[in-house]
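Given the structure is predicted, the values throughout are model-derived calculations rather than measurements. Per chain, numbering begins at 1; letters A, B, ... match sequence-line order.
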Amino acid sequence: MIDSKEIETKWQMRWREAKAFEADPIPQRPKFYLTVPYPYANAPMHVGHGRTYTIGDILARYKRMQGYNVLYPMAAHVTGTPVSGVANRIRDKDPEVLKLYRSNIAIWRPKKDVDTVLATFIDPMAIAQFFSSAIEGDLRKLGYSIDWRRNFTTNDPEYQAFVTWQFNHLYQLGYITKGSYPVLFCVNCGNAVGEDDLLQGEHAKIAEFVAIKFPFEDGYLITATLRPETVYGVTNVWINPNTIYAKIQVNEEIWFVSQPAVRKLVNQRYHSKRLDEIPGTEFIGKTCKSPIEDRELLILPAEFVDPENATGIVYSVPSHAPFDWAALRDIQKSKRALQGFKLDFDAIKAIDPISIIAIEGYGEHPAIELVDKLKIKDQKATTKLNEATETLYRAEFYEGIMKDNTGPFAGRKVSQIKDDVISFLKEQNRAFQFFQPDQKPVTCRCGNDVVVAVLPDQWFINYGDPQWKSQARKALNQMFIFPEVYRRLFESTFDWLKERPAARRRGLGTRLPFDKKWVIEALSDSTIYMAFYLLIHHIRVNQIIPQQLSYAFFDYVLLGKGDITTIAEKSNIPEETLVEIRKEVEYWYPNDLRHTAVGHIPNHLSFFIFHHTAIFPEKFWPKAITLNEFVIREGEKMSKSKGNFIPMAEIPRRYGADLYRLYISQIGDLQSIVDWKEKDVNTARRRLNRLIRIFSDASKIPDTPLDEIKLSMASRWILSKINTTIRDATESLENFRFRSYILQTFFQLLNHVEFYLRRVKKSSSERNPVLRYIVSIWIKLLTPVMPHLCEEIWERLGSISFVSLENWPIPDEKFIDENIEKAMEVVTQTINDIKEIKGLLKDKKIGTVHIFVSPDWKYHAFKKLIKADAPPTVKDLMPILMKDAKLKKRGKEINELVQAIAKAGGYWTFVDKSTEKNVLTENRDLIQAETGLTVEIQDGDKPKKDPENRAAKALPGRPALFLE
RNA sequence: GCGGGGGUCGCCGAGCCAGGUCAAAGGCGCAGGCUUCAGGAGCCUGUCCCGUAGGGGUUCGUGGGUUCGAAUCCCACUCCCCGCACCA
């Protein structure tokens, strides 16, 4: 028997010792350069991650067997905040993180060593190194044919030199821009915060308000809104009487805002001097001016105004804002609400809502309608008011049209003028952008509230550059994308891609060469790294230090630019070395295929294309992308916290690499999200065990040439099957149909071979040689999926080479016999028919089945019809046969025949008469065994026994039956 | 909302691009049988409904349409999932 764990280790060692997958340029051989994403090295990978790598490896191995020189490299991504975040939290002794990382380390290390390793994790690079090498071990144990010499991490100084070079290029090309940018920010930590840094509100986004200035006394009331277009409908301003406001000086202006808003403004680059504190009540009853039409507006009290929200001052648009209407109605209704304020009740009663947006389905004042409809009592009914606000906002934004009283915007759709309104107001110095988190509370891990800060000198990569974009589109159009449905996703991504912030103030990574305060962000440093795999082992072998990796070095080796003598002198790298590296690049590049996850389309893969077109000449642009969806487990997303996480490291022990590879690659089409089900893995395991049994039996059979043996129909059938399977499997793999490939080469072929072995007696002289022939081909077909088992059997069959490096099989045409395959289908179909009839006759005792092969003339008729290639309808087919004088006299029978074809909608499988008769006769035993009946095969033209006159009903491929 | 994808016989999931042999692969589950000391092991059979002759009926989100013929093509509707930018 075969111990899968043992053979996996054995062959992994052999491959390693023989450097079987270390790929160097071989000029006379065609190359295939395949990449998959490097994993992020801050956590263990799980069974789902291996889907992409397995599919990549199947392809790599297939291409290698097809004669390509294949390079399949791997590295580790460590850039950004995750790794450094973990290090920080371990340094801070965060108990949750300590626990998590203890269990992570325990996956690979004995219990006694865990704390020692954990102690090193205060250094981010220790984490990166640990996981990077752990992941390498995991991937090796799955038998991936990776060239590990080229492994690196993205924080290695050599890689940083490469990224530096790339960004210098982008900068020179003018693709790097600078501007201000709002981010979630923790004032206490003095840093931007990401999802990982948040204690509460981890999915918070930034909401963009428009602050609008309402002239008031010696300055402005600063209101804030999400709907600046409503400023035309303002009737008054709301102030919370129960809070204290601040009077501040910003530049040359005086602003009034709530106290919490002052801090927000500071973070958003509005530095202020605090002049005074003013109770809300002091504003009430005074007036301010509307920002654009210069109308007098009364300042009124409203409790719904939250000083913590936005600027703490709200302008009122009762016609379109439910809150405003509810509050206005409250004070118009009752004088009592105004007690303690110096307010003219009549003036308040005189306030009329101003309608400025027309919208179908609503009347003059939509907010009033909604407040009435939802039976909102007063301004304290926050839940209902929020609901009404959202409904109305949505409706007005997408369907609303500005009315005539809205100046330059009259007649236009709300959704289309929003930006124009903002710039219109800005031009008149009446507005500015104002940000805050879109939810509350949002707190940093340090415990402080998170605010929005505007960073003044953020660096962007400008994917919106029209020339760059059209280059990228050109590249995309030339690329092969599979599954093809995803091309549209690329196209729409390219459409909306614009400026993208490309650097941060923290985390691991490479510093921006032209502004060293900034660290290049994790997606931006991973766009053309496929090229780096071609350099790194040369850099190491030649002991080139990072300082030698100048701009000119990369320009020469990657782009072929510059004078080699000068570069060699300046960098102190010998000319021969430079030439060798350059040759490596010219040989392997471009990347022939990138296989990765669908989720990368809107970011990494798009950047991958953009950056290649920016940096490299067209001949180095990537050729193809294939994609797969992710993996869930028993219907749920896998995550460490849910406890439903199967670490990749456990695969060899729990399943074995070959079984894993088999299961994960056939579980679903690339474009489906697949579900890892333990039951299904087991099914695959059972099938695999059957295969192993057959393989190991076959490996004991001495090699005997097949041409010395007389072959039965059964043997000819299975020999044909294996050869047509080569053809079909090759076609499947050429078209990236991995699932079909495995169905054909594993599940179906296994069924066929078992069927064959059941039918051919052990003692028969043809059985063993045929089996051995089949297995010797079969191994090769399966090597890409289950390389360990196949190597083992290959060796046992007496070969000294690696089957991984053997040639992919080519179908042997002399064995392909479609007639026999079809004939067997006729047999199977006949068996099924007999079973069905037998089932229906369960009351009667049946002992014998008479099988009548169709009369001659019907085969002739069939051939005639097929040759005519007419639609399978009675009116099309009849004339064809009626033209034939011999057939014409069988008018009635012809009609029946044609009816049958028309009903079936075409022709079923059939063979010529003698084949049909032979195959039924040869398989008499089989039919008898399957049906439990004695089988009599008769010729429909001269039946010996046919009491019910069935022979005449037989059709080609569908013999008539009589059971008695 | 915008953009992308999808609703298939209990469940998962092929098929749809290239309409006919599709009651629609395969797996899981379920049922029956065999094997076994026993078994959550293995093997075989069945699994939309009806049927004492290989047949018939009704199905592929809903409603229309094109066609001799539609799960597959067209139109409308409906429901679900994902992405929308600093988490990689």
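Checking each of A/Thr153, A/Thr510, A/Thr154 against A/Thr79 for a side-chain hydrogen bond (donor to acceptor under 3.5 Å, both in side chains) leaves exactly one that passes, namely A/Thr154.
A gap of 36 Å separates the P atoms of B/G20 and B/G1, to the nearest Å. A gap of 31 Å separates the C1' atoms of B/C60 and B/C2, to the nearest Å. Comparing the C1' positions of B/A70 and B/U58 gives an interatomic distance of 16 Å, to the nearest angstrom. To the nearest whole angstrom, the two P atoms, one in B/C44 and one in B/U35, are 15 Å apart. Taking the P atom of each, B/A25 and B/U47 are spaced 11 Å apart, rounded to whole Å. Annotation: B/C22 and B/G69 have their C1' atoms spaced 13 Å apart (nearest Å). Here, B/C9 and B/C82 have their C1' atoms 28 Å apart, quoted to the whole Å. Separation of the P atoms belonging to B/A24 and B/A71 is 13 Å when rounded to the nearest angstrom.
A/Ser672 comes within 4.0 angstrom of sugar-phosphate atoms only, judged by non-hydrogen atoms across all strands, and of no base. A/Pro959 comes within 4.0 angstrom of a base, heavy atoms only. If you check every strand for non-hydrogen atoms under 4.0 Å, A/His77 touches sugar and phosphate atoms only. Contacts of A/Tyr40 with the nucleic acid, taken as non-hydrogen atoms under 4.0 Å apart, involve only primed sugar atoms and P, OP1 or OP2. Residue contacts for A/Lys498: at a heavy-atom cut-off of 4.0 Å it reaches a base atom on one of the strands shown. Residue A/Arg690 is in sugar-phosphate contact alone, with no base atom involved, counting any heavy-atom pair closer than 4.0 Å across all strands shown. Within the 4.0 angstrom heavy-atom criterion, no nucleotide atom of any strand lies near A/Tyr486. Within 4.0 Å of A/Leu184, counting heavy atoms only, lies no atom of the nucleic acid at all. Residue A/Arg685 is out of contact with every strand shown, counting any heavy-atom pair closer than 4.0 Å. Among the protein residues, A/Leu523 comes within range of the nucleic acid bases, having at least one heavy atom under 4.0 Å from a base atom. Base engagement by A/Ala960 is indicated by at least one non-hydrogen atom pair under 4.0 Å involving a base atom. At the heavy-atom level, A/Asp680 lies under 4.0 Å from the strands shown only through sugar-phosphate atoms.
A close approach under 4.0 Å does not occur between any side-chain nitrogen or oxygen of A/Lys677 and OP1 or OP2 of B/G27. The phosphate of B/A25 has neither OP1 nor OP2 within less than 4.0 Å of any side-chain N or O from A/Arg739. Residue A/Arg500 has no polar side-chain atom (N or O) positioned under 4.0 Å from OP1 or OP2 of B/A85. Proximity of A/Thr493 to the phosphate of B/G4: no side-chain N or O atom is located under 4.0 Å from OP1 or OP2. Residue A/Arg737 places at least one side-chain N or O under 4.0 Å from the OP1 or OP2 atom of B/G15. OP1 or OP2 of B/A88 has not a single side-chain nitrogen or oxygen of A/Thr79 nearer than 4.0 Å. Contact check, A/Arg487 against B/G3: no side-chain N or O comes under 4.0 Å of OP1 or OP2. For A/Thr683, a side-chain nitrogen or oxygen approaches OP1 or OP2 of B/C28 to under 4.0 Å.
Here A/Tyr53 and A/Tyr38 keep their ring centres 6.0 angstrom or further from each other. Less than 6.0 angstrom separates the ring centroid of A/Phe494 from the ring centroid of A/Phe610.
Base pairing analysis places B/A53 opposite nothing; no Watson-Crick or G-U wobble pair with both distances below 3.5 Å involves it. Partner assigned to B/U62 is B/A76, using Watson-Crick or G-U wobble distances below 3.5 angstrom. Across every strand in view, B/C16 sits unpaired, with no contact that passes the Watson-Crick or G-U test at under 3.5 angstrom. Across all strands shown, B/G10 forms a Watson-Crick or G-U wobble pair, both distances under 3.5 Å, with B/C28. Pairing partner, B/C34: B/G42, with both Watson-Crick or wobble hydrogen-bond distances short of 3.5 Å. Across all strands shown, B/G3 pairs with B/C82; the Watson-Crick or G-U wobble distances both stay below 3.5 Å.
Checking A/His850 against A/Glu936 by side-chain atom types alone, no donor-acceptor pair falls below 3.5 Å. Checking A/Thr828 against A/Glu825 by side-chain atom types alone, no donor-acceptor pair falls below 3.5 Å. No hydrogens or angles considered: a donor-acceptor pair under 3.5 Å links the side chains of A/Asp876 and A/Thr873. Side-chain contact of A/Trp468 with A/Asn462: a donor-acceptor pair under 3.5 Å is absent, judged by distance alone.
The residue among A/Asp669 and A/Thr873 whose nearest nucleotide of RNA chain B is located toward the 5' end is A/Asp669.
With distances taken from any side-chain atom of A/Trp496 to the nucleotides B/G20, B/C84, B/G54, the minimum falls on B/C84. For A/Arg488, the listed nucleotide lying nearest its side chain is B/G4; candidates were B/G4, B/G55, B/A85. Listed candidates were B/C84, B/C28, B/C87. Nearest to the side chain of A/Pro82 is B/C87. Listed nucleotides B/G29, B/G55, B/C84 differ in distance to A/Arg958; the shortest reach to its side chain belongs to B/G55. Candidate nucleotides B/A53, B/G5, B/A88 were compared by shortest atom distance to the side chain of A/Arg950, and B/A53 ranks first. In this structure, of B/G54, B/G3, B/A53, it is B/G54 that holds the atom nearest to the side chain of A/Glu836. Between B/G20, B/A88, B/G27, one nucleotide has an atom nearer to the side chain of A/Asn603 than all others, and that is B/A88. Picking from B/A53, B/G54, B/G4 the nucleotide with the shortest atom distance to the side chain of A/Leu489 gives B/G4.
For A/Met45 and B/A88, the CE to C1' distance is 14 Å, given to the nearest whole Å. Counting to the nearest Å, the P atom of B/G54 and the CD atom of A/Gln829 are 13 Å from each other. One interatomic measurement links the two molecules: CD of A/Gln744 to C1' of B/A14, which rounds to 13 Å at whole-angstrom precision. In this structure, the NZ atom of A/Lys835 is 10 Å from the C1' atom of B/G46, given to the nearest Å. Per the geometry, CD1 belonging to A/Ile673 stands 7 Å off C1' belonging to B/C82, to the nearest Å. Atoms CZ (A/Phe910) and P (B/U21) sit 17 Å apart, rounded to a whole Å.
Residue-to-nucleotide contacts include no donor-acceptor pair under 3.5 Å from the side chain of A/Asn42 to the base of B/A88.
To the nearest 0.5 Å, atom CG of residue A/Leu476 and atom CD1 of residue A/Ile481 are 5.5 Å apart.
No more than 12 heavy atoms of other residues, nucleotides or ligands sit less than 6.0 Å from atom CZ of A/Arg737.
Using bins of under 30°, 30° to 60° and over 60° for the plane-to-plane angle, the ring pair A/Phe607/A/Tyr463 lands in the parallel bin.
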